[in-house]
Student: 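Pasting a structure here, questions to come.
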Amino acid sequence: MTIGSTVLGYPRIGPKRELKRALERYWAGRCGEDELRGTARQLRRDTWTALRDAGLDSVPGNTFSYYDQVLDAAVTFGAVPRRHAALGLGPLDTYFAMARGVESAPPLEMTKWFDTNYHYLVPEIGPQTRFTLTDRTPVEQYREAESLGVRTRPVLVGPLTFLLLSKPDATAPGSFRPLDKLDELLDAYAELLGELHDAGAEWVQLDEPAFAADRTPQELAALRDAYRQLGELSRRPKLLVAGYFGDLGEALGVLASSPIEGLAVDLVAGSSTVDDLSGVRGLRDKTLVAGLVDGRNVWRTDLDAALSTGATLLGMAAEVAVGTSCSLLHVPYDVEAEPDLDPQVKSWLAFAAQKVREVVVLGRALREGRDAVADELAGARAAIADRAGADRIRNGRVRSRLDSLRPEHARRGAYDDRRVAQQKSLGLPPLPTTTIGSFPQTTDVRKARAALRSGTIDRASYKQRMRDEIDRVIALQEEIGLDVLVHGEPERNDMVQYFAEHLDGFASTEHGWVQSYGSRCVRPPILYGDVVRPQPMTVEWAEYAQRQTRRPVKGMLTGPVTILAWSFVRDDQPLAETARQVALAIRDEVHDLESAGIRVVQVDEPALRELLPLRAAEHPAYLDWAVESFRLATSGVADSTQIHTHLCYSEFGDVIDAIVALDADVTSIEAARSRMEVLDDLNAVGFGRGVGPGVYDIHSPRVPEVDEVVDLLRAALEAVPARRLWVNPDCGLKTRGYAEVEAALRNVISATRQVRASLS
C-alpha cells in the first residue's frame, strides 16, 4: 500500500455542525451518551467514505475528536490529572471535565495551536505522571473504518510535539520538563503501534508540527532518539511523520536519516523546503508526501505551479505523493454549500471538498502526465487569471490614502499625560471593574438576527429588539455594580464577521464553519480585495447605550491583526499592506466613536500572538507591522479618550515587548487558568500601563467563588499596583448563559469590594 494522493486530516464538526449540536445537547442533559456517540459515528463514516469515493489513495483515520486531538492524546496515554481522575466519572465525562472543568476541578489550560485560530488543551505532565496505553480509540476507529471497506491511515499527535506542548503540573520541581518523560511515553506509543499493526494498519501518521518552530539541540537529539526507537520496532505499521506550518529546518535531516518510511512536508508555508530537500540524505528510500495544496486558506490552487513543484521532486524519494500542506481542519467543508456567495468570488475558492479534488488531480497528473487532467488544469488557470484581473480587487482611494500617511499618524501623546486626562474625565475608583465586551447571546437575539436576514421582520423592528436587549444589559451592569459598561454586542454574530459584513473587500459565507475548539465554531470571512469602510459600523449602538447611563460605555472594535488572523486573507499582497488597510477603517471608526461621546474605546487584538511566525528570525518584521497597524488604528484621538485592548488564550512571553509597544492605556489579558502567571512576564519588561488580568474563566461553566476571585486579585496586586489594576473576566461572555454570568459577575464585584476595602 503506497500513500499516493492524500490529505493530512479533515474537518470533523460536521457539514451542518452536527457534532456541535450533539455536544451541546449532551452537556445540557438533553441527550444521552449513546445519542452523542451515534452522531460521532455517523460523521466519521461519512468522512471516510466521502474521501475514499473522491479518489484519495490513502484516507486519514483517527482524525475525529469530541473536543481536541491533543486532549485525545493525553487520554490515550493516561495523562489525566488527579483532580479529574478523582471525580469518579465515566471516561467520556472525565474527558469533558478536563476540557471544560467542573465546580471542584478546573479544566486544563487552553491555548492556540501554533499560529492558527484552533485551540488545544495543554496537557499537565509531572514526575508522577505514568504513561500507559489506557484508551484504544485509534485501534477501534481503524476497525470501524475497515468494516466499511475503508483502510485508513491512523493519525496521532507525535510524541515529541505532545510533550513540547505540555506544561509541568503543580507537583513538578523547577528543573522538571515534560520531555524528561519521553522514554516512558515512547513505550506507550510502541504498544499502540503494535496493536494497530495487529489490526491491519499498514501506515500510521505521526504529526510533529512542533519542529516547524525553533528547537534546541537537545530537542533535536530527542527527536532523533525517538524515531530511531520507534523505527526499530519489529511490530509496527509503516511510519509517516508529518511536519507542517513551516519548514522543518534541521529536523528534516534528522527525520530523513531515521528508520521511518515516510515524511510529509509543507510546501506552502515552507516555501524554501523544495531547495532544502534536494540535499537531504535518506530521502531516496522513503515516501515523500508533498504538501502542495494549502490546508489553511481557501483560494484555488495554482495547479500549474503546484504540478511544476511536484515534478521537481520526482527522483528525490522512492515515492512522491501529493498531499495537503496540513490538515484540512482549518477550512470549511464545501464551497458548493454557498449558493448565495458572489459567483465571481466563489469561482476563486476551494474549501475542503474542492481541495481533496485538487490533490487527486495533481496526483494523477504526476503519474499520468498533464494531458490526463487537461480540463482541470485549464479550469484552475482561468479562475486564477480572472481573480488577478478583477477590478474589484483594488481601490485607488485607499491606496492613495495609505501613501500619504506619515509616522506621526501612528503616535499618541505621553502616557502619563493621558492617564491624568483620563482619570479627570472618567473618575474611576481603584480597581475599576468592566467586562470584555459581549454578553450572552440569547435565543431571542439570534432569532431576531435570523428574522432580519430572512425578511420576516423589517429593519425598524430589528433595531428596536436590539435596543431592548441593550437596555437590559445596561440595567443589569448598573445593578451589579460594574464601573465601565458595555452594550453587550447583541447585533454581532461574531467579532470579525460583523466587521467584515460592513467593510468593502470582504465576502461572508452562510455555512463556512470552522472549528475553533470543542463545540465553538466560527465562519471566517473571506478578504479578497482592498478594504474600505463605507460608513460607521458600531457608532449607532454605542451611542444609544451611552444615552442610557451616566457611567462610561466602551466602544467595542476588533483590531486589524485579529481581523486578518480570523479571516481567510488574500494571498496576492503582503499581510502588512492588508493590515494597514484594515487599520485605516478601524481608525475612522475610533474617531467617529469619540465624536459621538464615547470616552473609552476597546480595540481587541487576541490574535496578536497567534500570527507570530514560528521561527524567531521572522518575529521582528511581523511585530513591526502588527504593532504599527494597531497604533495607526488607535491614534489621533484626544488624551482623555482611553484606549483599551484585549488579548487572550496564547503564550504571551514571545510578544511581551510588542504588547508594551501597542501603547494602549489598558490591556486586559487572559490569566484565570494560569493564575496570573502572565503578570511576571509583563513586569519583566517594565510594563507600566493599566492591566486587567482575567479573574473569571469564561471558557468553563464554573462560577468562581468570591474567595477564589479575592485570591486572584491579591496575587495580581503583588505584581501590579492598585492604581493600574483593572478587574474583568478573561474574555467576552457571548458563549455563556445569563444565570452563570450574573452569578459570576456578582462574585467578581463582591471580591473587588473586599479587596478595595483592604487598600484603604
Student: Give the C-alpha distance, both sets of side-chain angles, the deciding distance and a yes or no for side chain to side chain contact (heavy atoms under 4.5 Å, CB included) between Gln229 and Arg224.
Tutor: CA-CA 9 Å; Gln229 291 183 49; Arg224 179 180 295 107; over 6 Å; no

Student: Hey, does Val703 have a side-chain heavy atom less than 4.5 Å from the side chain of Val741?
Tutor: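 Contact flag for Val741/Val703 side chains = no.
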
Student: Would a distance-only check, ignoring hydrogens and angles, find a side-chain to backbone donor-acceptor pair under 3.5 Å from Tyr244 to Leu267?
Tutor: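 No; judged by distance alone, with no hydrogens or angles, the pair does not exist.
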
Student: Quick one: do the Asp93 and Tyr26 side chains pair a donor with an acceptor below 3.5 Å?
Tutor: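 Their side chains do contain a donor-acceptor pair, which is all the 3.5 Å distance test asks for.
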
Student: When Glu124 is tested against each of Arg82, Arg83, Lys167 for side-chain hydrogen bond (donor to acceptor under 3.5 Å, both in side chains), which residue passes?
Tutor: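 Of Arg82, Arg83, Lys167, side-chain hydrogen bond (donor to acceptor under 3.5 Å, both in side chains) with Glu124 is met by Arg83 alone.
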
Student: Any chance you could lay out the salt bridge (Lys or Arg N to Asp or Glu O under 4.0 Å) test for Lys181 and Glu184, step after step, and finish with the verdict?
Tutor: CA-CA 6 Å; Lys181 304 287 288 185; Glu184 185 180 308; 3.3 Å; yes

Student: Examine distances only and state if a side-chain atom of Arg45 and a backbone atom of Leu148 form a donor-acceptor pair shorter than 3.5 Å.
Tutor: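 No; judged by distance alone, with no hydrogens or angles, the pair does not exist.
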
Student: When rounded to the nearest 0.5 angstrom, what is the spacing between CZ in Arg30 and CD in Glu35?
Tutor: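 The distance works out to 10.5 Å.
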
Student: Is the distance between the ring centroids of Phe131 and Tyr189 under 6.0 Å?
Tutor: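 Judged by ring-centre distance (under 6.0 Å), Tyr189 and Phe131 do not meet the cut-off.
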
Student: When you compare the side chain of Lys16 with that of Trp513, does any pair of heavy atoms fall below 4.5 Å?
Tutor: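 Not touching, per the 4.5 Å side-chain cut-off.
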
Student: In Å, rounded to the nearest 0.5 Å, how long is the span from CG of Leu186 to CG of Leu230?
Tutor: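 The CG atom of Leu186 sits 5.0 Å away from the CG atom of Leu230.
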
Student: Going by side-chain hydrogen bond (donor to acceptor under 3.5 Å, both in side chains), name the residues that satisfy it together with His646, two or more places apart in sequence or in a different chain.
Tutor: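 His646 satisfies side-chain hydrogen bond (donor to acceptor under 3.5 Å, both in side chains) with Ser668 once adjacent residues are dropped.
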
Student: Should Pro524 and Val496 count as side-chain neighbours, where that means a heavy-atom distance under 4.5 Å?
Tutor: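 No; the side chains remain at least 4.5 Å from each other.
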
Student: Got a second to check how far Asp266's CG is from Leu248's CG, nearest 0.5 Å?
Tutor: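 Asp266 atom CG to Leu248 atom CG measures 8.5 Å (nearest 0.5 Å).
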
Student: So do the side chains of Leu87 and Thr94 get within less than 4.5 Å of each other, counting heavy atoms only?
Tutor: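 When only atoms from C-beta onward are counted, Thr94 and Leu87 do not touch, as no gap falls below 4.5 Å.
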
Student: State whether Glu191 and Arg136 are salt-bridged, where the test is any N-O pair (Lys NZ or Arg NE/NH1/NH2 against Asp/Glu carboxylate O) under 4.0 Å.
Tutor: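 A salt bridge is present here (some side-chain N lies under 4.0 Å from a carboxylate O).
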
Student: Does a donor on one side chain sit under 3.5 Å from an acceptor on the other, for Gln69 and Arg12?
Tutor: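 There is such a pair between these side chains.
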
Student: Check the angle between the aromatic planes of Trp113 and Tyr120 and answer parallel, tilted or perpendicular using the 30° and 60° thresholds.
Tutor: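 Trp113 vs Tyr120 ring planes: perpendicular.
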
Student: Set out, in order, the CA-CA distance, both residues' side-chain angles and the distance that settles salt bridge (Lys or Arg N to Asp or Glu O under 4.0 Å) for Arg235 and Asp198, then state yes or no.
Tutor: CA-CA 8 Å; Arg235 185 170 138 260; Asp198 294 347; 2.8 Å; yes

Student: Taking Glu103's backbone N and O only, do any of them form a donor-acceptor pair with Arg702's side chain (distance below 3.5 Å, no angle check)?
Tutor: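 Checking the backbone N and O of Glu103 against the side chain of Arg702, a donor-acceptor pair under 3.5 Å is found.
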
Student: Ser166: which residues meet the side-chain hydrogen bond (donor to acceptor under 3.5 Å, both in side chains) condition with it, sequence neighbours left out?
Tutor: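 side-chain hydrogen bond (donor to acceptor under 3.5 Å, both in side chains) list for Ser166, sorted by chain: empty.
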
Student: Can you check whether Ala172's main-chain N or O pairs, donor with acceptor, with Asp169's side chain at less than 3.5 Å?
Tutor: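 Side chain of Asp169 to backbone of Ala172: a pair is present.
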
Student: Would you kindly check if the NZ (Lys) or CZ (Arg) of Arg44 is within the cone defined by 45 degrees around the ring axis of Phe64 and under 6.0 Å from the six-membered ring centre?
Tutor: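 Yes, a cation-pi geometry.
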
Student: Between Tyr10 and Tyr333, how do the two ring planes meet: parallel, tilted or perpendicular, split at 30° and 60°?
Tutor: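 Tyr10 vs Tyr333 ring planes: perpendicular.
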
Student: For the pair His330 (side chain) and Asn117 (backbone), establish whether a donor and an acceptor sit closer than 3.5 Å, ignoring hydrogens and angles.
Tutor: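 Answer holds: no.
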
Student: Name all residues meeting the salt bridge (charged side-chain N to carboxylate O under 4.0 Å, His left out) criterion together with Arg228; count only those two or more places apart in sequence or in a different chain, and write none if there are none.
Tutor: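 For Arg228 the salt bridge (charged side-chain N to carboxylate O under 4.0 Å, His left out) partners, ignoring immediate neighbours, are Glu232.
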
Student: Does Lys286 have any side chain to side chain contact (heavy atoms under 4.5 Å, CB included) partners at least two apart in sequence or in another chain, and if so, which?
Tutor: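 Residues passing side chain to side chain contact (heavy atoms under 4.5 Å, CB included) with Lys286: Ile260.
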
Student: Per the ring pair (Phe, Tyr, Trp, His ring centres under 6.0 Å) rule, what does the pair list look like for residues 132-176, sequence neighbours excluded?
Tutor: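 Found none.
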
Student: So do the side chains of Val695 and Pro704 get within less than 4.5 Å of each other, counting heavy atoms only?
Tutor: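 Answer no - side chains too far apart.
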
Student: Would you check if the side chain of Ser700 reaches a backbone N or O of Asp697 as a donor-acceptor pair within less than 3.5 Å?
Tutor: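 Checking the backbone N and O of Asp697 against the side chain of Ser700, no donor-acceptor pair under 3.5 Å is found.
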
Student: Could you pull out all residues at least two apart from Arg37 that satisfy side chain to side chain contact (heavy atoms under 4.5 Å, CB included)?
Tutor: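 Side chain to side chain contact (heavy atoms under 4.5 Å, CB included) check on Arg37 returns Glu33, Arg41, Tyr66, Leu92.
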
Student: So, the side chain of Thr152 versus the backbone of Glu146: is there a donor-acceptor pair under 3.5 Å, distance only?
Tutor: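 Checked: no pair found.
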
Student: Okay, side chain of Ser519, backbone of Leu23: is any donor-acceptor separation there less than 3.5 Å?
Tutor: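 No.
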
Student: Got Asp294 and Thr324 here, is their nearest side-chain heavy-atom distance under 4.5 Å?
Tutor: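 The answer is no; the side chains never approach within 4.5 Å.
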
Student: Is the cationic atom of Arg153 (NZ for Lys, CZ for Arg) positioned less than 6.0 Å from the six-membered ring centroid of Trp203 and within 45 degrees of its normal?
Tutor: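 No, a cation-pi geometry is absent between Arg153 and Trp203.
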
Student: Looking at Glu24, I'd like to know if its CD atom is crowded, meaning that more than 12 non-hydrogen atoms belonging to other residues, nucleotides or ligands lie closer than 6.0 Å.
Tutor: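 Enclosed: over 12 neighbouring heavy atoms sit under 6.0 Å from CD of Glu24.
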
